[in-house]
Amino acid sequence: MKITKICCIGAGYVGGPTMAVIAQKCPHIQVTVVDLNAERIAAWNDEDLNNIPIYEPGLDAIVGEARGRNLFFSTEVEKAIDEAQIIFISVNTPTKTYGKGKGMAADLKYIELCARQIAKIAKDDKIVVEKSTLPVRTAEAIKSILDNTGNGVQFQILSNPEFLAEGTAVQDLLNPDRILIGGDTTAEGQEAIQTLVDVYANWVPVDKILTTNVWSSELSKLTANAFLAQRISSINAMSELCEKTGADVNEVARAIGMDSRIGPKFLKASVGFGGSCFQKDILNLVYIAKSYGLNEVADYWEQVIIMNDHQKRRFSSNIVQTLYNTVSDKKITFLGWAFKKDTNDTRESAAIYVADDLINENAKIAVYDPKVSRKKILADLDYLESRKAENNANAILSFEDPYEACKEAHAIAVLTEWDEFAQYDWQRIYDSMQKPAFVFDGRNVLEGAVLEKIGFIYQGIGS
Ligand code: UDX
Ligand code: ADP
């Protein structure tokens, strides 16, 4: 099949950057990204590239180059589906908040709606690609809907999970470790796989493009995220032991990371992992294992989440305990709110849970994050439904300037590892704070010895 038109349903964190890079690298293919959310589409079309809805280093330049040439953002979902030969589904699959599997299973509502819409509109054969993270065997459900409600046209379903990480999305898309494409073992399935391989081969070396059956591809995505999250929970578990024994978790991580079988990445102890994927995918894995009666498998992976929750709670309890067992009416400054640096995404950020705990203790939280707005911070807290919205609004002070945020504070907590935090004039910050001045470094990004010399009482994670 010669591909001239691709459509992507969902203009979010996955769909937007992925399609921008496909469009940049395949100028002969017209790529249309559609979304029901008109505000989001308008932002993607904003003349000022600073206003595109997702902040990723390098993304603005790529959108600037391809938009209007062969990259389009639109709310005309049906038209785009009708015209495309390949349709990517990149809609959100949040954890279910109701019914069976509540709090664990992925909610496939949006996926099913997409499948029904594709079935209704398609008048010629199409390749449908699952891009969102999905439970194993979702392709089967999509196929069943398409075949039973469609107009008799042929659909091939491929699984092509996204491994990009936020903050490095553009680099991950331009130079991926691998591209994974799963499809049917039939001749038609293999042909569809090859069609998608040819799209990626415009810029990815073919030895990095793996093809598998559809179930392996779906499960590989969950497995990759579970393994990565497990490494963080493992090092975080050791961080607590380090604090008790006098070992330093950074030294331990370095020592084990030099073992080539272990490797150095994803061994940074922290206040806990966040982001839209790790927790959601592991909960989903746990749910799937349970649904097959594999309770030991489910318990094994659930422990990764339990450890992560413990790490966040331990951080907030330690702040309260260190500040003489009360933070009531004390100003505590958060440096960072995003779930990691170089992104404006806050989903499942540890900062939300630490703030929630401290607000329960009547603290006032001053927040400075270079990319996160006050509106977003309050929305994150309101989503927890721990208290009335007005009480969150009263407890949160937000600042555009870090020095203002730190003024008169009793303590500073580093929640995100933004590079700029290490560059601040810490003497100036110290001089403006209440004494004793505490720093709780939830990311181990500041130089403890330098801060202690200035006069701070400094506590990192795991030392
Ligand atoms: C992750 C996967 O890396 C990516 O492949 C997948 O497609 C989506 O999920 P992402 O959530 O964007 O990507 O961020 P990632 O860099 O994996 O970080 C997740 C969380 O773990 C962040 O909160 C980060 O701060 C934390 N982290 C990461 C640590 O605490 N320590 C580490 O060593 C690494
Ligand atoms: P992800 O991180 O997986 O990309 P996001 O929540 O950032 O998730 O983006 C998913 C997008 O999919 C949202 O902008 C949402 O409006 C869009 N969406 C969900 N269902 C549909 C649908 N049926 N048609 C078009 N867009 C949809």
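Counting begins at 1 with the first residue of the sequence. We count ligands from 1, going down the list as the structure has it; atoms in each ligand are counted the same way.
- Between the OH atom of Tyr368 and the CH2 atom of Trp418 there is a distance of 8.5 Å, given to the nearest 0.5 Å.
- At distances below 3.5 Å, at least one donor-acceptor pair connects side-chain atoms of Asn160 with backbone N or O atoms of Leu180.
- Both the sub-6.0 Å distance and the 45° axial angle are not jointly satisfied by Arg67 relative to the ring of Phe73.
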Distance-only criterion, 3.5 Å: show the donor-acceptor pairs between side-chain atoms of residues 298-307 and protein atoms not counting sequence neighbours.
unit_1 : atom_1 : unit_2 : atom_2 : d
Tyr300 : OH     : Gln230 : NE2    : 2.7

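- Around ligand 2, the residues contributing at least one heavy atom under 4.0 Å from the ligand are Ile9, Gly10, Gly12, Tyr13, Val14, Asp35, Leu36, Asn37, Arg40, Ser90, Val91, Asn92, Tyr110, Cys114, Arg347.
- With a 6.0 Å cutoff to the six-membered ring centre and a 45° limit on the axis angle, Lys131 does not count as a cation-pi contact of Phe88.
- Listed by first and then second residue, the ring-ring contact (aromatic ring centres under 6.0 Å, His included) pairs that reach into residues 243-285 are Phe273-Phe278, sequence neighbours excluded.
- Protein residues with any heavy atom under 4.0 Å from ligand 1: Glu162, Phe163, Leu164, Ala165, Glu166, Lys221, Asn225, Leu228, Ile232, Phe266, Leu267, Lys268, Ser270, Phe273, Gly274, Cys277, Phe278, Phe339, Lys340, Arg443.
- Side-chain N or O atoms of Gln311 include none that pairs as donor or acceptor with a backbone N or O of Val271 at under 3.5 Å.
- A donor-acceptor pair is defined here as one N or O able to donate and one able to accept, closer than 3.5 Å; such a pair exists between the side chain of Glu130 and the backbone of Ala139.
- Salt bridge absent: Lys221 and Asp281 never bring a charged side-chain N and a carboxylate O closer than 4.0 Å.
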